[in-house]
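Note that the coordinates shown come from a computational prediction; the quantities given were computed from them, not determined experimentally. Naming: A, B, ... by sequence-line order, numbering from 1 per chain.
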2 protein chains.
Amino acid sequence: MPTLKEVAKYAKVSITTVSRVMNEADKVNPETRERVQRVMRELDYQPNRVAQRLRTSKGQSKLLGLIIPDIQNQFYSSIVRGVEDVAYGKDYAVILCNSDENPTKERFYLDVLQSESVDGVILPPIHQYSKVVEGLIESGVPVVCVDRKLVREAVDTVVVNNEKGGYLAVKHILDFGHKRIAILTSSSQFSSFDERLTGYKNALKDHNIALDDELIKEGDPRSTESAYLFTKELLRLSNPPTAIFATNNLMTLGVLEAVHEEQLNVPDDISIVGFDDMPWARAISPPLTVIKQPGYEMGRRATELLFQRFEDPKREPVQIIMEPTLIIRKSTGRVK
Amino acid sequence: MPTLKEVAKYAKVSITTVSRVMNEADKVNPETRERVQRVMRELDYQPNRVAQRLRTSKGQSKLLGLIIPDIQNQFYSSIVRGVEDVAYGKDYAVILCNSDENPTKERFYLDVLQSESVDGVILPPIHQYSKVVEGLIESGVPVVCVDRKLVREAVDTVVVNNEKGGYLAVKHILDFGHKRIAILTSSSQFSSFDERLTGYKNALKDHNIALDDELIKEGDPRSTESAYLFTKELLRLSNPPTAIFATNNLMTLGVLEAVHEEQLNVPDDISIVGFDDMPWARAISPPLTVIKQPGYEMGRRATELLFQRFEDPKREPVQIIMEPTLIIRKSTGRVK
DNA sequence: TGAAAAGATGAAAACGTTTTACTCTCATTA
DNA sequence: TAATGAGAGTAAAACGTTTTCATCTTTTCA
């Protein structure tokens, strides 16, 4: 690959001048500029980003770091796509990392990203208190949290109103007259699932329905497996639920599989509400009623927040709370 | 962040010695080594990868480039995950790029990757003849093609036997006695779709069924939309198909949606075979019969090929052809 | 007309590593 | 005893940029 030096040689100027032509900073004589640009074109010169990065310590790497739990979860694919699209618009590339909710991996990738001197990092933090993430922020790397919050409030954050999402889902079912509504949620420390559960509880309370611990199942949101098993369990109850609320898309799949295996009719025998509006939700039969989170949009907004921070590092951190929407299709109905 | 220089200062040695301690190349006096390592730990020293990269031109960046059409296509998510997992195992990070099948974007990202001096690149090439990709290879960057081939044979490649996949799918339907089988495939230049279509044609020929152009629809494999429209069209035919073969997962979704909208019963009114075994395929009702491609495994193998090439740049390029498998579920059945 | 300002350019330092070439000390060998 | 070699370390160059500082022209205007 040609270097600045070669361009300079052919254009018969110093490398400083070539550099100036690129960065438009100071003025360069139009003729010289023209000549240099021609040579650059002829040699198909591409600046070496590594060298650029080494020299300009902050904010010029044109690289973003993105750490997500698992790209195979379509909700995160949407976020990734949103991030990538706005990054591309600004000539940025993205380093993608899958943490598997494993703090060791998160740590590893955070170190890599820092040592790659990325301009900024976007991530749903694994823990609400995260030493590593805090450390990153302290050391001056712009960070945006997406999907999940940090306890510390001084970080740009994009989340959806999960509580409302949970509430909307459950209220919708309640309106059909259901009394026994099960929820499949995560056992872990993630703010998002906690809040969805809170929404569930609030909706029940508002309808004067007592909580039944039997109907609250906390499983692993990373696979369909545990939801499948819990659903089977729920259906075997002496007084089984007439509706199930699954709090993410993988869990929804588990519920669906179990319900079909039991030959239950949806929604006549059981109503189902999912979380996340995946492409398959409208294609299946019956089409699935879901709470939609705007994943793609969240990725976009998070990245925009990051770019805004590059421009104005002193800006007050903001929290963007996006609205979930209830998309009513055919998987919910009157209790029989 | 602490630098080599600081470590050297505290350990009272030259930076050369510190560098040696890190890279174990030459021997360092055990006592000195111990002292240096202690200081490194105390300062929480992380080598600056950018500087490392700049200095050691080839094969030390610990970065891989991965360009895929669209991360929102779950087949590609699987590949990405496979790549990431083996990369992580070798302390590599991955720069992920979405090309949208757009040569301009592909070009942009390829430039970025090269100028980031990644150690290698994995991609399904957009065109079978690709100047840009060829150029990259010529310039010495290890490249592995995955999912799609380049015409040039001297590249490591991991693909599935698409022709066989197509054949398997159609033969399965034929065995149920179907005569009118539609195929939804891509209009474009991708080797994979071409081959699936060839498989379709061969299966029909082997069963002495004439091709009917009416039943071959070439649409956009990047969205569900065109498949949906084509399916509607097919169903309105005076002599409509009794089975549909959709050649990727997005198209399958389009078919499903249209079929349900028309209130058709699967498989009694119409049989459906999809391509790609997505998590939702087994969860829906009826569970979907599909041709499974081992996406995750393909990602893994491709990455392993890349690492092998790092070790032995002279190695003969290999083509790995993976076997597709027919997974029979309930969306296919006897023609009524 | 001459001093100052502006315009155009270049030399060299710096970023944080790795690597080459060198120095110094001490033990071994002929 | 002198020559050789091994062991342990260092100084400095190099990677390809950006940036600081300096230099040389040319223009401006009192």
- Can you tell me the distance, in whole Å, between the CZ atom of B/Arg53 and the P atom of D/dG16? 14 Å
- For the pair A/Asp70 and A/Arg222, find out whether any cationic side-chain nitrogen is under 4.0 Å from an anionic carboxylate oxygen. no
- Query: Ignoring hydrogens and angles, are the base of D/dT10 and the side chain of B/Arg20 linked by a donor-acceptor pair under 3.5 Å?
  - Reply: yes
- Between the two ends of the helix from C/dT1-D/dA30 to C/dA30-D/dT1, what is the bend in degrees, rounded to 10 degrees, where each end axis spans five pairs? 60°
- Looking only at side-chain N and O atoms, does B/Tyr45 come under 4.0 Å of OP1 or OP2 in C/dG16? no
- Item | Nearest-neighbour nucleotide for the A/Asn48 side chain, C/dG16, D/dT17, D/dT19 considered | D/dT17
- Message: Please determine whether the number of non-hydrogen atoms from other residues, nucleotides or ligands lying under 6.0 Å from atom OH of B/Tyr10 exceeds 12.
- Response: no
- Sub-3.5 Å donor-acceptor pair from the side chain of A/Arg49 to the main-chain atoms of A/Lys62, do we have one? yes
- Message: Using a strict heavy-atom distance below 4.0 Å, which residues from residues 6-19 of chain A are in contact with DNA chain C?
- Response: A/Val13, A/Ser14, A/Thr16, A/Thr17
- Query: To the nearest angstrom, how far is B/Gln114 atom CD from D/dG16 atom C1'?
  - Reply: 15 Å
- Item | A/Arg148/A/Glu101 ion pair, N-O < 4.0 Å | yes
- Query: Would you say the base of C/dT18 and the side-chain of B/Arg55 have a donor-acceptor pair closer than 3.5 Å?
  - Reply: yes
- Item | Presence of salt bridge, A/Arg81 and B/Asp100, under 4.0 angstrom | yes
